Amino acid sequence: MGKERIPTHVGIIMDGNGRWATLRGKSRSYGHRVGSDNVERITEHAFNLGVKTLSLYAFSSENWARPKEEVEELMRLLEAYLKRFLKKLQRENIRIVITGDVSALSLKLQKVIAKSEAETANNLKGVLNLCINYGARQEIAYAVNKILDKGEPITVENISANLYTAEFGEPDLIIRTGGELRLSNFMLYQGAYAELYFTDVLWPDFNETEFDKAIEEFGRRHRRFGKVQ
Ligand code: FPP
């Protein structure tokens, strides 16, 4: 890669694990396993390039409607990923945060999450934001309720300030793999001015070179934030 403009905050909708596996005559769970290995690869690469916050859509509020075995496999993979990757993120000075309604997750997974967040809380190089049981509409409702509880005025700025991700700023770039052209309830409020990058590449095949292509494309975009120049 040349000297690209590196987005500070990148969000990724990691889609296509199921189709990737089906194309190979394997189970969807197998696709999620390979997809989970790819999360490690892309996380490392993104922080090496200089991305400061990486938000990964790992499990949406709507994903509970999937077959029970698939939900169980995704939960198992999240736990395994956090356990396996914790030391490495610690060494690399990356903080882990989970956004979403974690209260609906198993107590075991909640414990692993709490441990990962606590042990990496002082890491300053970057933030890995895993969105688990996350939904942007739910997040907006959560922010508005928080404001009402505090008796504060509902303003655009105040909603921004009360979102789960308030302290990490808005995403500059949102990538969606797997060919669908939609946001599927991901960062709808804070993503208002994010550059969107869609690719047909299925998540398990979305390697470093594919990530670099998204960054290069981002570098070619003119961000005007609603203004003229
Ligand atoms: C979409 O594939 C992917 C998900 C439902 C979530 C992403 C999960 C992972 C990458 C694995 C676990 C994550 C971590 C952080 C360890 P899909 O099943 O919708 O694919 P399809 O559209 O081809 O059916």
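Start at 1 and go down the list; that is how both ligands and their atoms are numbered. In what follows, residues are counted from 1 in the order of the sequence shown. Basis for what follows: all heavy atoms, side chains included, without hydrogens, waters or symmetry-related copies. As the structure is a prediction and not an experimental result, all values here were calculated from the model.
- Ligand 1 lies out of reach of G178, whose nearest heavy atom is not under 4.0 Å from it.
- With respect to K108 and E79, a salt bridge is recorded, a charged nitrogen being found less than 4.0 Å from a carboxylate O.
- Aromatic ring orientation, W20 versus Y30: parallel (interplanar angle below 30°, classes split at 30° and 60°).
- Across all their heavy atoms, R176 and E180 have their closest contact at CD-O, 3.3 Å.
- In terms of N/O distances under 3.5 Å, ligand 1 is not approached by G35.
- For N17, a nitrogen or oxygen atom sits less than 3.5 Å from a nitrogen or oxygen atom of ligand 1, counting backbone and side chain alike.
- Each of the atoms 13 (C), 14 (C), 15 (C) of ligand 1 lies under 4.0 Å from some heavy atom of L78.
- Nearest protein neighbour of atom 6 (C) of ligand 1, counting heavy atoms only, is A58 O, 3.1 Å.
- A donor and an acceptor atom, one from each side chain of E70 and H32, are located under 3.5 Å apart.
- Of the candidates E70, R66, R19, the one placing a heavy atom closest to atom 23 (O) of ligand 1 is R19.
- Relative to the six-membered ring of F218, R5 meets both conditions, a distance below 6.0 Å and an angle of at most 45° to the axis.
- R28 and E73 are not joined by a salt bridge, as no carboxylate oxygen comes within less than 4.0 angstrom of a charged side-chain nitrogen.
- In this pair, F206 and W203 present their aromatic rings parallel. The plane angle is below 30°, not in the 30 to 60° band.
- Without hydrogens or angle criteria, N63 side chain to S60 main chain gives a donor-acceptor distance under 3.5 Å.
- For G18, a nitrogen or oxygen atom sits less than 3.5 Å from a nitrogen or oxygen atom of ligand 1, counting backbone and side chain alike.
- At a 4.0 Å heavy-atom cut-off, ligand 1 does not touch F59 at all.
- Annotation: atom 11 (C) of ligand 1 to nearest protein heavy atom, H32 O, 3.7 Å.
- The nearest heavy-atom contact from the protein to atom 12 (C) of ligand 1 is S36 CB, 4.0 Å.
- Every atom of ligand 1 with a heavy atom of W203 under 4.0 Å away is listed here by number and element: 10 (C).
- At the shortest separation from atom 1 (C) of ligand 1 among protein heavy atoms lies M14 O, 3.2 Å.
- Short contacts between ligand 1 and R28, defined as distances under 4.0 Å to a heavy atom of the residue, involve ligand atoms 17 (P), 18 (O), 24 (O).
- Every heavy atom of L56 sits 4.0 Å or more from the atoms of ligand 1.
- Of the heavy atoms in R84, none comes closer than 4.0 Å to ligand 1.
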Practice task
Take Y164 and Y142 through the ring pair (Phe, Tyr, Trp, His ring centres under 6.0 Å) test and state the conclusion after the steps.
Solution key: CA-CA 9 Å; Y164 299 138; Y142 162 88; 4.8 Å; yes

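- A salt bridge links R95 to E167: one of the charged nitrogens lies within less than 4.0 Å of a carboxylate oxygen.
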